[in-house]
**Student:** 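Dropping a structure here in structure tokens format, bear with me for questions.
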Amino acid sequence: DFGEGVGEHECYTLDNPDVPTTAEALGIQSCVSRFGTYPSFWNGLFGGLKAALPTSLLMDRGKMQGLAIFSMPIIRAVDALVGGTNAMRV
């Protein structure tokens with residue numbers, strides 16, 4: 001639950017580089033980052049890509065940057081139609 005204005009949405013664990021530094025800054029043993037998108041279609045698409053694409057391709061920063069650049073106009077168009085919100089809960 002991300003609170004008023006965002007509400008409850010499906011989330012997945014995300015290995016984010018900020019997680020260990022957040023735990024260190026807060027002086028806590030562990031910290032978990034969760035990621036979710038809305039509409040939920042994007043969650044399924046991201047999971048499907050992870051399952052379908054070889055790890056070597058997913059680890060190729062240049063190719064993934066190219067995919068991100070290619071995808072942004074599509075993502076922006078969908079966000080314009082249905083809305084887009086970013087939320088973080090620590």
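Bear in mind that the values here come from a model prediction, so they are computed numbers and not experimental data.
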**Student:** So which heavy atom on Thr22 is nearest to which on Cys31, and how close?
**Tutor:** CG2-SG, 3.9 Å
**Student:** What residues form a side chain to side chain contact (heavy atoms under 4.5 Å, CB included) with Met59, not counting sequence neighbours?
**Tutor:** Thr55
**Student:** Given side chains that start at C-beta, do those of Gln65 and Asp60 come closer than 4.5 Å, heavy atoms only?
**Tutor:** no
**Student:** Nearest 0.5 Å please: distance from the CG atom of Leu49 over to the CG atom of Leu58.
**Tutor:** 8.0 Å
**Student:** When rounded to the nearest 0.5 angstrom, what distance separates CZ in Arg76 from OG in Ser71?
**Tutor:** 11.5 Å
**Student:** Got a second to check how far Leu53's CG is from Leu67's CG, nearest 0.5 Å?
**Tutor:** 7.5 Å
**Student:** Are Ile69 and Met64 grouped together when hydrophobic residues (ILVMFWY) are joined by side-chain heavy atoms under 4.5 angstrom apart?
**Tutor:** no
